[in-house]
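In what follows, a structure is listed as structure tokens, so that the remarks can point back to it.
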Amino acid sequence: MEAVIPKPVRVRIAPSPTGFLHVGTARTALFNFLFARKNGGVFIVRIEDTDTGRSEKRFEDNIIEGLTWLGLTWDEGPDTGGSYGPYRQSERKDLYRTHLESLLERNLAYHCFCTKEDLEAQKNYMIASGIPPKYSGQCGALEKDDVARRITGGVPSVIRFKTPTRKLSFIDVIKGKIEVDTELIGDFTIAKSVEEPLYNFTAAVDDELMEISHVIRGEDHISNTPKQILIQEALGFHAPSYAHLPLILGPDKSKLSKRHGATSILEYRDEGYLPEALANFLALLGWHPGDEREFYSLEEISAQFDLSTINKSNAVFNIQKLDWFNAHYIRQKSDDDLCVLCLPYLTKVGLVDASTDTEKVKKIIALEKDRLKKLSDIVPLSEFFFSLPEYETEMLVWKKSDAATVAKSLAASYEALAALNAASFTKEAIKSALDTVVTEFGTGATYWPVRVALSGKDASPGPVEIAEILGKEEVIKRIHAGVTRLNIE
RNA sequence: GGCGCCAUCGUCUAUCGGCUAGGACACCGCCCUUUCAAGGCGGGAAGACGGGUUCGAUUCCCGUUGGCGCUACCA
């Protein structure tokens with residue numbers, strides 16, 4: 001049963017530009033996007049760059065680029081604008097200051113002058129004494145003029161929220177009822193100063209100001225939710241619905257991170273993963289459409305998407321399944337499209353340049369299509385077309401035959417192919433030329449050595465197809481080399 | 001340590017009290033076949049444990065165990 005969505009749906013992805021677009025963030029963005037599209041809502045990108053020390057524009061650019069590449073589109077954001085902007089928190093400081101001052105004036109927040117060292121000592125003491133560590137609240141008891149004097153005196157301070165002690169619970173769309181005792185939270189910091197608000201505060205303010213209806217985010221944020229609810233209540237804000245997504249895990253079952261290898265979306269792009277494959281894979285991590293289909297476009301998924309059917313438990317990121325999706329979508333591509341997609345990988349390693357016959361390259365790619373898991377696989381798979389790799393003469397000998405027989409069959413193949421007209425060196429012509437050899441030596445003893453002589457590999461596409469692409473001159477040369485090697489040994 | 005969340009094949013998952021526990025990836029075998037890939041067919045592989053509730057529990061409740069997350073003047 002689908003949940004009734006009462007208010008206009010407005011959801012957001014709120015990445016912090018302190019690193020490249022992460023797989024986890026991308027999946028969260030995807031789910032927000034899907035939910036918005038399903039419900040005719042608005043999807044917003046909001047850059048949470050309050051940490052000025054770690055935030056960088058290049059990371060913001062990377063995030064936008066990654067989301068775009070994945071196939072997501074948004075209605076409001078730092079690049080697209082919108083009537084709830086600005087969409088960078090660094091540009092919203094006036095808004096935060098107003099609400100911060102409101103809290104301060106009403107004694108719902110206070111300046112704290114404790115030094116980091118003091119705090120550390122207090123925390124260690126509490127841990128050692130077996131009491132749950134939290135801020136003592138001591139600065140909350142300071143007299144007003146004392147506070148003013150310290151501030152004008154330039155004593156460093158932060159702003160803490162005066163956390164009311166009570167049981168707090170909220171209904172998570174995915175997890176159900178979540179209960180916490182705010183006693184354990186203590187007076188947490190909401191800003192370094194009125195000019196430098198911190199995450200939990202800005203998130204609460206912006207979710208209200210941007211009229212966010214549903215906060216869909218990773219479950220690592222569950223413990224932030226009560227803090228944000230407390231701030232909303234203090235400021236008289238409305239509470240959005242919350243949906244905490246299960247996490248994506250690495251193979252060792254810990255939260256997916258850099259030490260698990262590629263976590264940046266654009267790294268996957270650069271390795272040769274298709275956006276439709278990654279999106280399809282990510283969407284099915286923690287959610288399923290109800291039937292046993294596996295392949296879905298973003299449009300098809302958004303038509304069926306439902307928050308209430310999202311799984312509660314974390315999911316391991318299985319690269320082999322991604323590869324399977326990717327191989328599928330690669331096979332769906334037309335030869336022309338795949339050629340455009342693969343070309344950069346070939347040019348990058350110098351196999352192909354402006355002078356290369358693109359028709360030949362396209363044929364190579366079409367031939368290797370079924371063997372590609374990633375676009376970058378085209379390089380190792382097609383290298384032999386451009387230059388014959390080193391190989392052991394031994395490899396020319398088919399396992400069910402012997403060196404002497406193979407030497408004879410390869411020589412016969414040479415003769416048969418040499419007799420062909422270079423201008424009509426087609427698959428059909430090559431095939432029928434080799435048929436005479438097959439008649440005498442059998443299929444395996446004929447094709448195997450030809451294939452190895454042409455590719456230098458023990459695993460490759462069929463020799464007839466390779467030969468057609470290589471052209472008569474190169475084919476004759478390679479086979480001749482093979483025959484020579486067999487006769488020498 | 002404290003708090004929170006979670007718990008079906010190795011992995012992603014189906015099951016919303018009747019199950020010979022279904023599908024997919026991966027793996028293995030067979031077919032196709034000169035090799036590899038693709039494709040087709042088949043196989044092994046799961047309900048963490050202990051209590052309840054019930055005619056009947058994978059499914060509902062409690063406990064245990066385990067995993068993960070959070071525990072910043074990061075987000």
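To find a chain, count down the sequence lines: A is the first, B the second, and so on, and within it residues start at 1.
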Mind checking if [X] touches a base, just sugar-phosphate, or nothing, with heavy atoms under 4.0 Å?
{"X": "A:Pro15", "value": "nothing"}
{"X": "A:Pro133", "value": "base"}
{"X": "A:Glu196", "value": "nothing"}
{"X": "A:Lys116", "value": "base"}
{"X": "A:Lys373", "value": "nothing"}
{"X": "A:Thr18", "value": "nothing"}
{"X": "A:Gly53", "value": "nothing"}
{"X": "A:Ile127", "value": "nothing"}

Evaluate the side chain to side chain contact (heavy atoms under 4.5 Å, CB included) criterion for residues A:Tyr391 and A:Lys457: first the C-alpha distance (whole Å), next the side-chain angles of each, then the deciding distance (0.1 Å), finally the verdict. CA-CA 7 Å; A:Tyr391 65 92; A:Lys457 297 168 75 174; over 6 Å; no
In whole angstrom, what separates [X]'s [atom1] from [N]'s [atom2]?
{"X": "A:Lys312", "N": "B:rU59", "atom1": "NZ", "atom2": "P", "result": "14 Å"}
{"X": "A:Leu249", "N": "B:rG10", "atom1": "CG", "atom2": "P", "result": "16 Å"}
{"X": "A:Tyr296", "N": "B:rU13", "atom1": "OH", "atom2": "P", "result": "15 Å"}
{"X": "A:His221", "N": "B:rC3", "atom1": "NE2", "atom2": "P", "result": "23 Å"}
{"X": "A:Trp324", "N": "B:rA38", "atom1": "CH2", "atom2": "P", "result": "12 Å"}
{"X": "A:Trp448", "N": "B:rU33", "atom1": "CH2", "atom2": "P", "result": "17 Å"}
{"X": "A:Phe188", "N": "B:rG2", "atom1": "CZ", "atom2": "P", "result": "23 Å"}

Phosphate contact (B:rA75 OP1 or OP2) by A:Arg217 side-chain N/O below 4.0 Å: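 Indeed not, no polar side-chain atom of A:Arg217 lies that close.
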B:rA14 phosphate, OP1 or OP2: any side-chain N/O from A:His288 under 4.0 angstrom? yes
CA sep, side-chain torsions, deciding dist, call: A:Ile44, A:Ile212, side chain to side chain contact (heavy atoms under 4.5 Å, CB included): CA-CA 9 Å; A:Ile44 301 162; A:Ile212 300 302; 3.8 Å; yes
At what distance, to the nearest 0.5 angstrom, does OG of A:Ser223 lie from CD1 of A:Ile178?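 Reported to 0.5 Å precision, the distance equals 10.0 Å.
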Hey, is A:Asp377 close enough to A:Arg371 for a salt bridge, meaning N to O under 4.0 Å? no
